[in-house]
Amino acid sequence: MILTNIETVPGKTIVKHLGLVNGNTVRAKHAGKDLLAGLKNIVGGELKAYTELLQESRDEATQRMIEQANAVGANAVVNVRYSTSSVSAGAAELFAYGTAVVVE
Amino acid sequence: MNGYENPDIPEGINVTQEHPLKEFGQLVIGVTALIIILALAFSELGAYAARHLTLEQEVALAHRMLPAMWTETAAEPAEQAERKHLQELADRLARHMAIPAAMPVTVHYSAEPVVNAMATLGGHIVVYQGLLDATKDSETALAMVMAHELAHIKLRHPATAMGRGFAVALLLSTFAGLGDNVMQGWANSVGTLTALRYSREQEAAADSLALETVYREYGTVKGAEIFFEHASAEDNGLTPPAILSTHPSHEERIRKIQNFAAKESGAE
Amino acid sequence: MYDLIVFLTLIALGYGFGQHAERKHFRSILEREKELKTLLCFSERRIPEQEVPVQGQLVSGSVVISIDYFKQFVAGLRNLFGGRVTAYESLLERARREAILRMKEQARDLGADSVWNVRLETAAISQGAQRQQVGSMEVMAYGTALIRKT
């Protein structure tokens, strides 16, 4: 599966456009990490646990989007967009969407 | 527009197919177990710390914490006399219990119609007029309640309960930073339930010691159950289940007194 | 004691009504998606050459959806252990498909056959006053509808 966030797939021609596909996941971080992050907030700096968690979740959202693209018979997704929003204190939604296409 | 179409995307890719009640069950059991274990551990820690409080420290603490009305002597002569009478009863019963001299027992009288008495930090006991009215036919009944409160003091229950209370409150306040308010409510309820368990244990222990004391003082425990019978009649059978109560049920306490009486008369 | 009864009642009500509403909503979504199947959606900006004269028009659809008491409770517990919050996944899936449907309905009413450069936005609303309170989510879908000039 080729993913791009531009309109085309460089070096290939799009022969078929299959419409919107998307993937989402909502994840919560566990309370221990919340406490550590709270402490880290005092001194600032990267919250490694959160970076990892969000990255993992984003990978899952991407994976689900790819699954949808596979299901409609596409071999690439163009114009991929990501969006992240906080659903409640401690839980975030990761969302990916794009247009499934067939390239040659 | 050749080559442009929107095929059907199969269902269920973005939604986890798991029954919501299954997750609910797993989470409730997990969280409840976690809170119970932590609450029990913190309870024990609090009780351990409280036991290291010396009697003198406890008396001094009570002096600072308790409302001023209890430390003042009652103003009216009638109340004074009532208080003196109750103090004498307490002193007589206390002789059988070997309450340390460092923890002087002070009885206070309150004119409120509450059918109850209570023991608190530093050897203070409050007896309400309502209790005196309910037990006016039998001195043994009043003595049973008084001995029960004395037993709390002897066994240092107020201090232990305070230590447990502080420790569990500390634990629950850390939960307050997590999750939703619903979740906090749940944590509080479960934490309180573990506290009730200890409360029932303390009441049962105080009842046992009180029965022995009353027997030693009067040679019989006849009439000791009057207070509980009175309280039981007042409830009209509308009592919450045992797990949600601070005290053992009235029926259980009456049964215990009857068993004790039967045993003693059998021994004679 | 009474707190517990109130709590269990709310949980039961939340579960009963929430699950019922969710199933009903998904049925309605599937039905309307079938109805609007001929109206195509793409997230690409480049519109292919058209044989007939066309004009573009911005269309949008949005929905604010709230979580039920049962899901809120489950999500709250989940926060303690971490992991996938399945309660929210179905909620957001519903909201998103509803928003796209509303956008498509608007496009259909304008006489369009396709929507281009579709964008989706999700925002948590009514969360400001009380940080702990789980509020509601807004999902918005927008794009350019292509309308044939007649």
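- Among Ala123(C), Ala87(C), Cys41(C), the residue with the largest count of heavy-atom pairs under 4.5 Å with chain A is Cys41(C).
- Using a 4.5 Å cut-off between heavy atoms, Leu18(A) touches chain C through its backbone atoms (N, CA, C, O) alone.
- The part of Glu60(A) that comes within reach of chain C is its side chain, from C-beta onward, which places non-hydrogen atoms under 4.5 angstrom from that chain.
- By the 4.0 Å N-to-carboxylate-O rule, Arg64(A) lies too far from Glu93(C) to be salt-bridged with it.
- For Val101(A), the part lying near chain C is the side chain, with the backbone staying farther off; criterion is any non-hydrogen pair under 4.5 Å.
- When heavy atoms are compared at a cutoff of 4.5 Å, Arg119(C) approaches chain A by way of both its backbone and its side chain.
- Scanning both residues, Gly98(A) and Ser43(C), for their nearest heavy atoms gives C-OG, 3.4 Å.
- The part of Arg81(A) that comes within reach of chain C is its side chain, from C-beta onward, which places non-hydrogen atoms under 4.5 angstrom from that chain.
- Scanning all heavy atoms of the two residues, the minimum distance from Glu44(C) to Thr99(A) falls at OE1-CG2, 3.3 Å.
- A donor-acceptor pair under 3.5 Å is absent between the side-chain atoms of Tyr88(C) and the main chain of Glu93(A), judged by distance alone.
- Only the side chain of Thr8(A) comes within less than 4.5 Å of a heavy atom in chain C; its backbone stays farther off.
- Both the backbone and the side chain of Glu7(A) come within less than 4.5 Å of a heavy atom of chain C.
- For the pair Glu89(C) and Asn24(A), the tightest heavy-atom approach, listed with the atom from each and the gap, is O-ND2, 3.9 Å.
- Taking each heavy atom of Ser85(A) and Met137(C) in turn, the nearest pair found is OG-CE, 4.4 Å.
- The two atoms that bring Arg45(C) and Asn79(A) nearest to each other are N-ND2, 3.7 Å, heavy atoms only.
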